[in-house]
Amino acid sequence: MSTPIPVVTVDGPSGTGKGTLCALLAQTLNWHFLDSGALYRLVALRAGDLGLALEDESAVAAVALALPVTFSIQDGEFRPVLDGVDVSARIRTEEAGTHASIVAALPAVRAALLDRQRNFRQAPGLVADGRDMGTVIFPDAVLKIFLTASAEARAERRYKQLSDKGMGVNLRALLEDIRRRDQRDQQRAIAPLQPAPDAIILDTTRLGISEVEDRVRQLLHERRLA
Ligand code: C5P
């Protein structure tokens, strides 16, 4: 029997540093990269552009199944091209994140994205970023990491990111948004945000990204992945 293509999963709520860690992992290992959150953001964006209600499960699932998207990686960033147009900036707003979490709670939408996500598993390996990568999409992953951090720490990081980009933001509104999105992601009936039983949980509230990276490098070494 041939050995399955290895997958490393990184799950957890937004603002825990998943994106940065995944970009580093994909670069270190020279593996492919899946940003599954981008898929939910794209589905919500497309549904909105088509004038659909985000709760219209069968219509939004049809959009998810037929999503005309390709991806390119530029400077370690996952850039989606929808119908020939680079929509990276449009899917990265706070509103796009909230809309993504609404469509992500619909079982038919999640089912419609299953194969698309699993098709990212290409040799020599895949780093997968999301909420259910280790629990549902790639339960046989060779290493599962689950990042957590307090909602306050995540809101502050997001605040800094947006302010650095010159965007006017309100810390309290960001914190409320994060809490609402966490609640929706954790309490949904299908694929709720939770660590896989065999995941390594890293709390990044007080850990800097370089300490997280050191710990993950050590894990890769222990599992003979790098
Ligand atoms: O990771 P990101 O913030 O881009 O994800 C946006 C939303 O998409 C999340 O809040 C979550 O509701 C949903 N999502 C999901 N399953 C994934 C990835 C993202 O439900 N694997």
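Only heavy atoms go into these numbers, but all of them, side chains included; no hydrogens, no water, no symmetry mates. Counting begins at 1 with the first residue of the sequence. Start at 1 and go down the list; that is how both ligands and their atoms are numbered.
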query: Are Asp185 and Arg180 within salt-bridge range, i.e. N to O under 4.0 Å?
result: no
message: How far is atom 6 (C) of ligand 1 from the closest protein heavy atom, and which atom is that?
response: Arg181 NH1, 3.5 Å
task: Among all protein heavy atoms, pick the one closest to atom 8 (O) of ligand 1 and tell me residue, atom and distance.
output: Tyr40 CB, 3.7 Å
query: Of the backbone atoms (N, CA, C, O) and the side-chain heavy atoms from C-beta on, which set of Arg184 has a member under 4.0 Å from an atom of ligand 1: side chain, backbone, both, or neither?
result: neither
query: What is the nearest protein non-hydrogen atom to atom 16 (N) of ligand 1, stated with its residue, atom name and distance?
result: Arg110 NH2, 3.0 Å
message: Could you check whether Arg184 and Ser101, counting side-chain N and O atoms only, form a donor-acceptor pair closer than 3.5 Å?
response: yes
query: Should the pair Arg179-Asp182 be classified as a salt bridge under the 4.0 Å nitrogen-to-oxygen rule?
result: no
- prompt: Under a 4.0 Å N-O cut-off, is there an ion pair linking Glu211 with Arg206?
  reply: no
- request: Answer yes or no: is there an ion pair linking Arg90 with Asp49, defined by an N-O contact shorter than 4.0 Å?
  value: yes
- line: Near Met133 (heavy-atom distance under 4.0 Å), the atoms of ligand 1 are 21 (N)
field: Members sharing Leu193's hydrophobic cluster (side chains within less than 4.5 Å)
entry: Phe146, Ile201
task: Mark up the atoms of ligand 1 that fall under 4.0 Å of a heavy atom belonging to Ala100, in ascending order.
output: 6 (C), 7 (C), 8 (O)
- prompt: What protein heavy atom sits nearest atom 13 (C) of ligand 1, and how far away is it?
  reply: Ala104 CB, 3.7 Å
message: Check Asp129 with Lys18, please: is the shortest side-chain N to carboxylate O separation under 4.0 Å?
response: yes
- request: Please report which non-hydrogen protein atom sits nearest to atom 11 (C) of ligand 1, along with the residue it belongs to and the distance in Å to one decimal place.
  value: Asp185 OD2, 3.3 Å
task: Do me a favour and list the nearest non-hydrogen protein atom to atom 3 (O) of ligand 1 with residue, atom name and distance?
output: Arg41 NH2, 2.9 Å
query: Under 4.0 Å from any heavy atom of Lys18, which atoms of ligand 1 are there?
result: 1 (O)
statement: atom 19 (C) of ligand 1: closest protein heavy atom, distance to 0.1 Å, is Gly37 CA, 3.5 Å
field: Ion pair check, Asp164 and Lys160, cut-off under 4.0 Å
entry: yes
message: Quick check: Ser36 and ligand 1, any N/O pair under 3.5 Å apart?
response: yes
message: Give me the residue, atom name and distance of the protein heavy atom closest to atom 1 (O) of ligand 1.
response: Arg131 NH1, 2.9 Å
message: Surrounding OH of Tyr159 (heavy atoms of other residues, nucleotides or ligands, distance under 6.0 Å), is the total greater than 12?
response: no
field: Nitrogen or oxygen of Asp35 less than 3.5 angstrom from that of ligand 1
entry: no
query: Heavy atom under 4.0 Å from ligand 1: found in His99's side chain, backbone, both, or neither?
result: neither
- request: Drop me the distance from Met167's CE to Thr93's OG1, to the nearest 0.5 angstrom.
  value: 7.5 Å
